[in-house]
Amino acid sequence: MFQTFSFYHVGFLAQAATWTLLLSMIALVSGGLFGAIVALARVSPFAPLRWITSAYIYVVQGTPLLVLLFLAYFGVALAGYDVPALVAAAFAFTIYAAAFLAEIWRGCIEAIGTGQWEGAKALGLSWSRTMRLVIVPQAMRLAVPPTVGFFVQLVKNTALASVIGFVELTRAGQIVANSTFQPLSVYLTVGAMYFVICSILSFVSRQLDARITVNAASTAAH
């Protein structure tokens with residue numbers, strides 16, 4: 001006998017939404033740390049580092065996220081190791097996020113005018129000090145909107161983690177829809193939750209962008 005879609009199910013979906021956010025945050029933080037290293041290697045003066053990281057980005061960006069999830073979960077299982085779905089999903093999303101964030105941040109770094117590089121060189125700064133004191137602080141201002149935009153996409157892409165059994169928002173919606181046989185109500189609720197999450201993130205992005213613009217204008221005026 002089918003259940004009636006109720007507040008109990010909405011609570012279950014809300015709980016699953018927290019797992020969606022948790023997986024997204026893990027991917028953003030760990031992928032961001034790895035991506036920052038890759039981005040710096042992409043613009044480093046050492047050619048082998050640029051070649052290795054270019055190959056990494058080329059391979060990962062050319063591989064569907066679904067395949068990365070299968071490799072992280074079923075590939076490790078074939079090797080004889082039992083990996084929890086959350087761990088496998090977090091690993092796959094970290095690899096995926098690092099490749100895309102590295103390219104976003106590389107673009108922000110290279111968008112800084114050559115005058116800044118030349119000025120740092122005229123002051124006798126090394127490459128590492130130029131990056132740390134001159135280039136990266138300016139690039140971070142440019143990077144906020146695209147980074148938050150990518151994070152919004154990351155939140156929506158976590159729905160793919162359901163294929164390896166991870167119960168996030170979309171997978172929870174499938175479970176509730178199967179038990180209530182009211183897919184329209186269930187998926188409208190799921191869609192509304194995704195909409196609220198992504199709207200909040202977009203709002204935060206606009207606020208950060210506006211604040212950074214004001215601070216930059218204030219700094220330039222002084």
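Atom CG of Leu169 is separated from atom OG1 of Thr158 by 7.5 Å, given to the nearest 0.5 angstrom. Considering CD of Gln116 and CD1 of Ile135, their distance stands at 6.0 Å, rounded to 0.5 Å. Taking CG of Leu78 as the start and CG of Leu71 as the end, the distance is 10.0 Å to the nearest 0.5 Å. With rounding to the nearest 0.5 Å, the separation of CG in Leu49 from CD1 in Ile37 is 11.5 Å. Summarising the geometry, atom CD1 belonging to Ile175 is positioned 9.5 Å from atom CG belonging to Leu13; distances are rounded to the nearest 0.5 Å. Distance check: Asp82 CG to Tyr73 OH gives 6.5 Å after rounding to the nearest 0.5 Å.
Partners of Thr147 according to the side chain to side chain donor-acceptor pair (under 3.5 Å) rule, which considers only residues two or more places apart in sequence or in another chain, are Trp105. Among residues two or more places apart in sequence or in another chain, the side chain to side chain donor-acceptor pair (under 3.5 Å) test is passed with Glu103 by Arg42, Arg106.
Although no hydrogens or angles enter the test, the distance criterion places no donor-acceptor pair under 3.5 Å between the side chain of Ser30 and the main chain of Thr94. Using modelled atom types, one side-chain atom of Glu168 and one backbone atom of Arg171 make a donor-acceptor pair closer than 3.5 Å.
Environment of CZ in Phe74: crowded, with over 12 heavy atoms of neighbouring residues, nucleotides or ligands closer than 6.0 Å.
Residue Phe93 is grouped with residue Val29 when hydrophobic side chains (ILVMFWY) are merged at heavy-atom distances under 4.5 angstrom, including chains of intermediate members. Under a hydrophobic clustering in which Ile, Leu, Val, Met, Phe, Trp and Tyr are joined whenever their side-chain heavy atoms come within less than 4.5 Å, directly or via other members, Trp51 and Leu40 fall into different clusters. Residues Val136 and Leu125 share a single hydrophobic cluster, defined by chaining ILVMFWY side chains whose heavy atoms lie under 4.5 Å apart. Linking Ile, Leu, Val, Met, Phe, Trp and Tyr residues whenever their side-chain heavy atoms come within less than 4.5 Å leaves Ile164 and Val76 in two separate clusters. By the rule that hydrophobic residues join a cluster once side-chain heavy atoms approach within less than 4.5 Å of another member, Met25 and Leu154 end up as members of one cluster.
Annotation: side chain of Leu21 is in contact with side chain of Ile197 (closest heavy-atom distance under 4.5 Å). In this structure, Ser6 and His9 have side chains that are in contact, with non-hydrogen atoms separated by less than 4.5 Å. No side-chain heavy atom of Leu68 sits less than 4.5 Å from a side-chain heavy atom of Phe91. A 4.5 Å side-chain heavy-atom check between Arg132 and Trp127 finds every atom pair outside the cut-off. Residues Leu22 and Thr18 are not in side-chain contact: their nearest non-hydrogen atoms beyond the backbone lie 4.5 Å or more apart. Counting heavy atoms from C-beta outward, Met193 and Val10 have side chains that approach closer than 4.5 Å. Taking 4.5 Å as the limit, some side-chain heavy atom of Leu101 sits within range of a side-chain heavy atom of Leu28.
Across every non-hydrogen atom of Gln3 and Gln182, the tightest pair is O-OE1, 4.1 Å. Contact between Ile57 and Ala102 at its shortest, heavy atoms only, is CD1-CB, 4.1 Å. For the pair Ala98 and Tyr56, the tightest heavy-atom approach, listed with the atom from each and the gap, is CB-OH, 3.5 Å. Among all heavy-atom pairs drawn from Val134 and Gln138, the shortest one is O-NE2, 2.9 Å. The two atoms that bring Ile112 and Ala139 nearest to each other are CD1-N, 3.8 Å, heavy atoms only. Contact detail for Ala111 and Leu142: the closest heavy-atom pair is CB-CD1, 4.0 Å.
Identified under the salt bridge (Lys or Arg N to Asp or Glu O under 4.0 Å) test for residues 44-53, with sequence neighbours left out: none.
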**OP:** Could you check Ser126 against Ser128 for side-chain hydrogen bond (donor to acceptor under 3.5 Å, both in side chains), going step by step and ending with a plain yes or no?
**Re:** CA-CA 6 Å; Ser126 62; Ser128 60; 3.3 Å; yes

**OP:** Start with the C-alpha gap between Val186 and Phe5, add the side-chain angles, then the distance that decides, and say whether side chain to side chain contact (heavy atoms under 4.5 Å, CB included) holds.
**Re:** CA-CA 8 Å; Val186 173; Phe5 185 54; 3.9 Å; yes

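Residues Tyr96 and Phe100 bring their aromatic ring centres within 6.0 Å.
If you check the side chains of Thr20 and Tyr194, you find no donor sitting under 3.5 Å from an acceptor.
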